[in-house]
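Taking it in order: structure first as structure tokens, then the write-up.
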There are 2 protein chains.
Amino acid sequence: MAYLQHDVSGQFGDVRGGPRQLARAVQRTFEGFGSKASRFKAHDVVYYQGDEAKRLYQLVSGTIMLFKLLPDGRRQVVEMLRAGDIFGLASGEEYDCTAETLTEASLHEVNLKQVEGSTEMQRQLMKCLTNQMSSLHEHTVLLGRKSAVERVASFLMYLVPNRGGGVGCLGPDPALAEDTCDLQLHMTRQEIADYLGLTIETVSRVVSDLKRRGVIRIDRADKIHLNRVCSLCQMTGIH
Amino acid sequence: MAYLQHDVSGQFGDVRGGPRQLARAVQRTFEGFGSKASRFKAHDVVYYQGDEAKRLYQLVSGTIMLFKLLPDGRRQVVEMLRAGDIFGLASGEEYDCTAETLTEASLHEVNLKQVEGSTEMQRQLMKCLTNQMSSLHEHTVLLGRKSAVERVASFLMYLVPNRGGGVGCLGPDPALAEDTCDLQLHMTRQEIADYLGLTIETVSRVVSDLKRRGVIRIDRADKIHLNRVCSLCQMTGIH
DNA sequence: CGCAAGTTTGATACCATTCAACTCCGGTGG
DNA sequence: CCACCGGAGTTGAATGGTATCAAACTTGCG
């Protein structure tokens, strides 16, 4: 792992809000407070499930996934993180998930001790955790109760800026809202499948079906154009 | 809702550790700090999904479930809470889940303002949230990747004191560990199904099958005796 | 006793998985 | 330049696990 001193504060501007249920400003929680900046390439592991949990991280830019493995190799991606999100909290001595980058990513990292000493950090950290908890709840519903089509539709809507596929959906009013959107997934079909609790084939089939129905257009495997955002939103199970 | 002044501090003794991955002491986080005690009957709603989120709660004794509903009636129980757990945090203005008691329950409740003013409270709150987050991760794996049998087995193990069906499992050594256990579920088959992402019939079938195989004995629908804890543990998918 | 709610069991249907073959694409080297 | 290769993705056919629908059973209680 390379720890580069690198000024990343300006990159918060990249975030265009959104994928959480409610748009929220990205918190610079860990900036200052003696945090250390670090940078990772795509597909790097920040830490492994089982590693000693001694650091806390905040994602500054890029995307990271947290996943867990079962002994027989089954994998479940439990969280998809983006700018502002916190990770690395552990209830025991060890991390309960592996953290792996999907894209280039820059982080702020702090010692657990530092957090315990700072009221301000704790205050902001709580806000981040609350948001992530809410996302986890939403994802729990997806995994427990949604069909394959609903899962993929929810996933795509989750990537639409200022939508979140959920409560804040603007509804089918083409006059007010842009009804098309370009998405860059940064994920393989396998990663999507492991996130949605499906197999790679099922994800592929659903995506092909959405294409056949004219809801989306596939430019490259990981570049998808949404022709009709509202139609897609109707398929999430939330309406 | 009835807010009774009631001293419940002694009831922490009821908790025999356990259902989290790692045994942990129950935190009296909200005791003092100007918190108000309240008490609920079984099957009471503490708040509804969509209610204005103005209070934070800590469960002192009893069991509470948090669930979300899809518009067509599908329900997913997203968290099962027990003594020490915190609930009521919301990323927006409204609660994202409904909180309903499974048993009689006593709570401590505080205003959000009070929490923001207390460093000590925030510190302890973070510890609680970390534990709950870890449980959510575990449950995500269950919903995304486990079979019906594995889900039910995991659920039952989750109720075994000092086990948690997980990392802390003592392994198949009948000499060291008690290999039987009596469980009181406090949940209907429907609630279990909605927690495990299954149907009521599937839960019933799996339970009947475990009985047929001699792994469990059913005393009443919600009173289950585990004949062979280790065998059950082997069925969770964790081994 | 007889109802009502919860649970169990059976028959069948269907959705997602599994296994296998094929396509597509980018990179490499003859 | 193009043949070849490997990895990722797509598609097809068959299977199987869980859902669905329906009926019978159990339990508690007025």
Side-chain angles (χ1 to χ4, degrees), chain A residues 42-43 70 72-76 102-103 141-156 183-213 216-225 235 237, chain B residues 42-43 65 70 72-77 100 102-103 142-156 183-213 215-224 235 237:
Chain A
H43 313 295
L70 290 174
D72 62 2
R74 281 177 286 181
R75 182 173 79 159
Q76 179 63 44
L102 292 173
T103 64
V141 175
L142 181 147
L143 292 173
R145 289 300 178 211
K146 290 192 183 178
S147 70
V149 176
E150 289 170 334
R151 293 182 199 204
V152 172
S154 300
F155 169 70
L156 292 176
L183 300 182
Q184 177 85 36
L185 305 190
H186 298 303
M187 294 171 78
T188 66
R189 294 287 183 270
Q190 187 63 65
E191 285 158 351
I192 298 171
D194 288 345
Y195 181 52
L196 300 181
L198 299 169
T199 58
I200 186 173
E201 295 96 331
T202 300
V203 171
S204 182
R205 265 183 258 274
V206 171
V207 168
S208 296
D209 197 55
L210 290 176
K211 182 176 70 176
R212 222 168 290 123
R213 292 202 252 170
I216 64 174
R217 186 187 68 224
I218 302 175
D219 296 332
R220 265 204 345 257
D222 68 335
K223 271 184 81 73
I224 291 184
H225 176 83
M235 307 169 96
Chain B
H43 313 296
M65 63 175 174
L70 290 175
D72 62 1
R74 282 176 286 179
R75 182 173 78 160
Q76 179 64 45
V77 175
E100 187 178 318
L102 291 173
T103 63
L142 181 147
L143 293 173
R145 289 301 178 209
K146 290 192 184 179
S147 70
V149 176
E150 288 171 332
R151 293 183 198 203
V152 173
S154 300
F155 170 70
L156 291 175
L183 299 182
Q184 177 85 33
L185 305 190
H186 299 302
M187 294 170 82
T188 66
R189 293 287 183 270
Q190 187 63 65
E191 285 158 350
I192 297 171
D194 288 344
Y195 181 51
L196 300 181
L198 299 169
T199 59
I200 186 172
E201 295 96 331
T202 300
V203 171
S204 182
R205 265 184 257 274
V206 171
V207 169
S208 295
D209 196 55
L210 291 176
K211 182 175 71 177
R212 222 167 291 124
R213 291 203 253 170
V215 181
I216 65 174
R217 186 185 67 222
I218 301 175
D219 297 332
R220 260 198 356 251
D222 68 334
K223 270 185 81 74
I224 291 184
M235 306 170 94

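Computed from a predicted model, the values in this text were never measured in an experiment. Here is the naming used below: chain letters follow the sequence lines, and residue numbers restart at 1 for every chain.
What separates CZ of B:Arg189 from P of D:dT27 is a distance of 12 Å, to the nearest Å. Put simply, CG on B:Asp72 is 10 Å from P on D:dT20, counting in whole angstrom units. As a whole-Å value, the separation of A:Glu150 CD from C:dA16 C1' is 14 Å. Rounded to whole Å, the distance from CG on B:Leu198 to P on C:dA16 is 15 Å. Atom pair A:Leu210:CG and D:dT11:P shows a separation of 12 Å (rounding to whole Å applied). Nucleotide C:dA5 holds its P atom 18 Å from the CG atom of B:Asp222, rounded to whole Å. When rounded to the nearest whole Å, the span between CD1 of B:Ile218 and P of C:dT9 equals 8 Å. For the pair B:Ile200 CD1 and C:dG6 P, the computed distance is 9 Å after rounding to whole Å.
How far CG of B:Leu196 is from CD of B:Gln76: 8.5 Å, rounded to the nearest 0.5 Å. Distance CD/B:Gln184 to CG/B:Asp219: 10.0 Å, rounded to 0.5 Å.
Using a 4.0 Å heavy-atom criterion, one finds that A:Thr202 contacts the bases of the nucleic acid, with or without backbone contacts as well. Counting any heavy atom pair closer than 4.0 Å across all strands shown, B:Ser204 reaches a base atom.
Side-chain atoms of A:Ser208 come within 3.5 Å of backbone N or O of A:Ser204 as a donor-acceptor pair.
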- Item | Intermediate values then yes/no, side chain to side chain contact (heavy atoms under 4.5 Å, CB included), B:Leu210 and B:Met235 | CA-CA 10 Å; B:Leu210 291 176; B:Met235 306 170 94; 3.6 Å; yes

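Look at A:Ser208 and you'll find a side-chain N or O under 4.0 angstrom from OP1 or OP2 of D:dT11.
Sequence order on DNA chain C of the closest nucleotides to B:Gln190 and A:Glu201 puts B:Gln190 first from the 5' end.
Checked by distance alone, B:Arg205 brings a side-chain donor or acceptor within 3.5 Å of a matching partner on the base of C:dG10.
A salt bridge links A:Arg213 with A:Asp209: at least one charged nitrogen is closer than 4.0 Å to a carboxylate oxygen.
Of the candidate nucleotides C:dT8, C:dT17, D:dT20, D:dT20 has the atom nearest to the side chain of B:Thr199.
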